Amino acid sequence: MTKTDQVLAEMEKLKALLEKEKQVLISNDGTRLIGLIQQKEDVMLKLAAFDQKNVEMNKLDVLSREIKQLQETNLTLTEQSMQFTETMLNYIKKAANTNKTYSKKGTYDRSKKSALLDQSL
C-alpha cells in the first residue's frame with residue numbers, strides 16, 4: 001500500500017467519524033460525542049505523521065474538501081447547541097431570580113408567578 005493510499009484510508013476514517021459526529025450533534029448525545037472526539041484525535045495524529053513528500057496531494061483534494069465541509073457543519077451545530085444551552089440557562093437564572101414563591105419573611109406569596117417560562121401572550 002502506497003503512502004497516498006494510507007493517507008486516503010485515514011481520511012476516509014476521518015470522514016466517517018465526522019458523519020457520525022454530525023448525527024450525534026443533531027441528536028444531542030453528549031456521551032457518544034466524547035468517544036468520537038477521541039477517535040478523531042487519533043486519526044488526526046496518524047495523518048500528521050505522514051510526510052507530504054511521499055504523498056500525492058492532488059489525489060487528496062476532493063476528500064479533503066468533503067472533510068472540511070463536514071467539519072464546518074459540525075462546528076455550526078456545536079455553536080448552535082451552545083447558544084441554545086446558554087439561552088436556556090439565562091432563562092432559568094432569570095426565572096430563579098424573579099419568580100419567588102416565598103417572601104423574605106418566610107410567608108407564602110401567591111401573587112407571583114412560579115413558572116419557569118412565561119407562557120402568557
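Note that these values count all heavy atoms, side chains included, but never hydrogens, waters or copies made by symmetry. Treat the numbers as computed from the prediction; the structure is a model and nothing was measured. All residue numbers in this chain count up from 1 along the given sequence.
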If you measure from CG on N28 to OG1 on T85, what distance do you get to the nearest 0.5 Å? 7.0 Å

Does L17 share a hydrophobic cluster with I26, counting links as ILVMFWY side-chain heavy atoms below 4.5 Å and allowing steps through other members? yes

Flag side-chain contact, heavy atom, 4.5 Å: Q71 against E21: yes

Do N90 and E86 get their side chains close enough for a donor-acceptor pair, meaning under 3.5 Å? no

Nearest 0.5 angstrom please: L25 CG to S81 OG, how far? 7.5 Å

Single-linkage hydrophobic cluster, 4.5 Å side-chain cutoff, L14 and L75 together: no

Acceptor/donor pairs from residues 44-63 side chains to any protein atom, 3.5 angstrom cut, sequence neighbours excluded:
from, atom 1, to, atom 2, distance (Å)
E56, OE1, K59, NZ, 3.4
D61, OD2, R65, NH2, 3.0

Could you tell me whether the side chains of T2 and D5 share a donor-acceptor contact shorter than 3.5 Å? yes

Please name the pair of heavy atoms, one in M11 and one in I67, separated by the smallest distance, quoted to 0.1 Å. O-CD1, 3.4 Å

Look at the side chain of T76 and the backbone N and O of E72, then say whether any donor-acceptor pair between them is shorter than 3.5 Å. yes

Do K20 and Q23 come within less than 4.5 Å of each other through their side chains, counting heavy atoms only? no

Please check if the number of heavy atoms outside E41 that lie under 6.0 Å from its CD is greater than 12. yes

State, yes or no, whether a side-chain contact exists between K40 and L36 at a heavy-atom distance under 4.5 Å. no

For the CG atom of L8 and the OG atom of S64, what is their distance to the nearest 0.5 Å? 10.0 Å

Salt bridge or not for E19 and K22, using N-O below 4.0 Å? no

